[in-house]
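Only one structure is covered here, and it is reproduced in the block below.
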Amino acid sequence: MKFIDIFSGLGGFHVGLKNNGHECVFSCEINEDLRDLYEINHGIRPHDDIRTVSESDVPAHDILCAGFPCQPFSLAGKKKGAKCPESGRLIDHVVRIADYHKPQFVLLENVPNVLTIENGTFWDYVRNSFERIGYRIDYRVISPVDLGIPQNRKRVFILGTRSDINAESFKWPSASDEGIVRVSLEEVLDNTLDHKKLESKKSDILALWQELLNGLNIATLCSVSIVAPEFGATYPENFSKLSLRELKHYKGAYGQSLEHCHTWAELLALMPSYVQKGKQIPQWMLKSIRFSRNLYQANENFCDQWAKKLSKINNSWQILEWRGAHVKHVIKDHIVQFRASGIRILKADIAPSLIAMTPTQIPIIPSESRYVSKHEAAKLQYLHTLKKLPEKNNAAFKALGNAVNAKIIELIGKNLIPVSL
Ligand SMILES: C[S@@+](CC[C@H](N)C(=O)[O-])C[C@H]1O[C@@H](n2cnc3c(N)ncnc32)[C@H](O)[C@@H]1O
């Protein structure tokens with residue numbers, strides 16, 4: 001079949017469908033560097049802004065693919081619209097082209113959140129727009145790890161089938177399908193390819209946290225965070241209704257006395273950053289904070305000595321988010337991500353989702369003191385066959401984090417067999 005690739009990026013749809021023998025006849029991408037790369041990798045020059053493409057200039061096709069950008073339904077200027085650079089309803093342009101050409105299938109991909117944002121009104125809008133022009137809509141949330149690729153990355157895949165096409169034979173790919181080849185993360189990792197070394201200050205902070213884990217001898221850490229500012233803290237979980245006088249006898253972050261605070265500004269400066277705004281512990285941190293206070297009570301001296309070595313400059317480095325093995329608390333046997341909420345420790349068998357928004361969350365292999373390389377990330381997106389990736393590491397991770405996983409598209413494409421009713 002012939003397909004088109006709107007918002008084509010690195011070409012995850014292209015790779016996946018071409019692996020099934022389908023042929024790309026048109027693509028479209030606003031970013032010039034990505035257009036250049038697409039031409040090198042796929043031999044086709046993408047058009048630029050979809051909003052300027054006339055539907056009659058798009059060749060006839062059987063499958064329309066679109067990984068539409070993080071889509072603000074709100075008008076530009078409103079909260080979500082302003083956050084997203086591509087304001088306006090880009091999905092309308094996908095519908096416009098589908099309405100003109102009436103391809104047999106429309107295949108869309110996005111974050112699962114697209115189903116629920118704005119109380120589901122955006123999703124209703126997308127579904128209704130395609131139903132109105134004669135498509136039946138079905139969708140599945142699928143992650144590469146379900147289909148043998150060691151990356152956790154839940155995305156929603158939306159299939160529109162023209163109403164005169166019998167799609168009874170179509171099956172979404174799933175973990176139990178025959179022929180799914182499981183690739184381990186070990187097979188993906190290849191430290192001979194160019195990778196960035198881990199900065200020494202990050203290695204140092206990981207070593208310091210390891211020192212704490214070794215010293216505490218915790219029996220099991222189960223999806224909990226160790227929140228260092230709670231070492232010695234006694235302030236109430238919710239102090240929004242208390243007066244300064246009532247708080248005098250409590251201790252703030254790292255056991256700092258609140259006794260001499262005459263103003264709220266003085267008091268809040270001695271509190272952990274996460275309670276400064278609401279004057280209470282956020283609900284989602286309660287379990288970890290109680291755990292950390294208990295840990296401190298059982299190991300007071302050790303924790304106090306340890307906390308003296310901890311630099312207090314970077315708030316997020318004072319929290320260790322343990323999502324790793326329950327019994328073996330060895331950081332270097334895991335994957336690490338420095339996140340805004342804390343240093344996250346993940347099991348070593350599956351990579352976390354590659355994300356486009358920030359290069360600071362590129363996964364780290366602590367045993368090799370390095371970041372995952374762009375070539376390894378390309379393998380996690382099943383885009384390792386591309387001739388060229390963006391030169392700069394940050395641009396490469398941004399594009400890979402935006403891309404659709406080509407293996408999932410390949411497996412969906414394999415089952416797209418048009419049968420006229
Ligand atoms: C979520 S990514 C899709 C990635 C793609 N499916 C892939 O596999 O790499 C969205 C892409 O749409 C592009 N884009 C944003 N606004 C656009 C517009 N108005 N016209 C064309 N492309 C646009 C972005 O530059 C980005 O590469």
Side-chain angles (χ1 to χ4, degrees), residues 3-19 22 24 26-42 44-55 57-58 63-73 76 81 83-97 106-114 117 126 142 144 149 151 153-158 353-358 374 377-390 394-413:
F3 69 93
I4 68 167
D5 191 2
I6 303 179
F7 311 117
S8 55
L10 283 177
F13 281 104
H14 192 121
V15 171
L17 290 183
K18 198 175 167 206
N19 287 351
H22 301 307
C24 183
F26 172 90
S27 68
C28 166
E29 168 56 56
I30 204 164
N31 178 306
E32 193 181 356
D33 293 340
L34 291 176
R35 284 204 297 279
D36 293 344
L37 271 181
Y38 200 93
E39 196 173 1
I40 295 169
N41 285 322
H42 308 295
I44 188 169
R45 179 83 194 162
H47 288 247
D48 50 12
D49 191 338
I50 186 70
R51 291 168 293 194
T52 63
V53 172
S54 161
E55 49 273 28
D57 289 340
V58 176
I63 313 172
L64 180 158
C65 303
F68 52 106
C70 88
Q71 176 96 32
F73 185 56
K83 257 198 225 155
C84 211
E86 304 88 0
S87 59
R89 287 183 288 191
L90 291 174
I91 193 73
D92 289 350
H93 297 275
V94 179
V95 177
R96 170 172 69 83
I97 292 167
V106 174
L107 184 55
L108 312 173
E109 181 247 12
N110 216 305
V111 289
N113 190 27
V114 85
I117 49 166
V126 173
I142 308 176
I149 305 258
Q151 185 195 175
R153 181 186 180 83
K154 280 191 179 152
R155 290 292 181 271
V156 61
F157 293 83
I158 302 160
S353 183
L354 298 170
I355 58 160
M357 267 117 60
T358 158
K374 61 181 179 182
K379 287 194 210 167
L380 292 170
Q381 287 291 57
Y382 208 64
L383 290 172
H384 51 285
T385 52
L386 294 182
K387 286 186 209 116
K388 200 166 178 213
L389 292 170
N394 286 359
F397 272 91
K398 181 171 183 209
L400 287 163
N402 256 332
V404 63
N405 189 282
K407 182 72 187 176
I408 299 181
I409 296 302
E410 182 185 302
L411 292 170
I412 291 175

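Start at 1 and go down the list; that is how both ligands and their atoms are numbered. Just so we're clear, the structure is a prediction, and the values are computed from it rather than from any experiment.
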Looking only at heavy atoms, what is the nearest atom pair of C65 and F3, with distance? SG-CD1, 4.3 Å
Counting each atom of ligand 1 from 1 as listed, which ones have a heavy atom of L90 under 4.0 Å away? 16 (N), 19 (N)
Any side-chain heavy atom of L90 sitting closer than 4.5 Å to one from R51? yes
I want to know if ligand 1 touches E29 in the polar sense, i.e. an N/O pair below 3.5 angstrom. yes
Run the numbers for me: atoms of ligand 1, each under 4.0 Å from some heavy atom of G67, listed by number. 1 (C), 2 (S), 3 (C), 10 (C)
Taking only non-hydrogen atoms of D48 and a 4.0 Å limit, the atoms of ligand 1 in range are 20 (N), 21 (C)
F13 N/O to ligand 1 N/O under 3.5 Å: no
May I ask you to list the atoms of ligand 1 that are less than 4.0 angstrom from any heavy atom of G12? 7 (C), 8 (O)
Pick one of side chain, backbone, both or neither for how S8 approaches ligand 1, counting any non-hydrogen atom pair under 4.0 Å. backbone
What part of L34 sits under 4.0 Å from ligand 1 if we count only heavy atoms: the side chain, the backbone, both or neither? side chain
Relative to the ring of H14, is the ring of H42 parallel (under 30°), tilted (30 to 60°) or perpendicular (over 60°)? parallel
Under the salt bridge (Lys or Arg N to Asp or Glu O under 4.0 Å) definition, can you give me all pairs with a residue in residues 398-412, not counting sequence neighbours? K407-E410
Quick one: does V404 get an N or O within less than 3.5 Å of an N or O on ligand 1? yes
The option among L10, D49, V53, N31 carrying the non-hydrogen atom nearest to atom 18 (C) of ligand 1 is D49
Are any of the side-chain heavy atoms of I158 and E109 separated by less than 4.5 Å? no
Is the backbone N or O of P144 less than 3.5 Å from a side-chain atom of R155, with the two atoms forming a donor-acceptor pair by type? no
Suppose I only count heavy atoms of A403 and a 4.0 Å limit; which atoms of ligand 1 are within that range? 7 (C), 8 (O), 9 (O)
Determine whether Y382 and I409 make a side-chain contact, defined as any pair of heavy atoms from C-beta on separated by less than 4.5 Å. no
Do any nitrogen or oxygen atoms of C28 lie less than 3.5 angstrom from nitrogen or oxygen atoms of ligand 1? no
So E29 and R35, salt bridge (charged side-chain N to carboxylate O under 4.0 Å, His left out) or not? Walk me through it. CA-CA 6 Å; E29 168 56 56; R35 284 204 297 279; over 6 Å; no
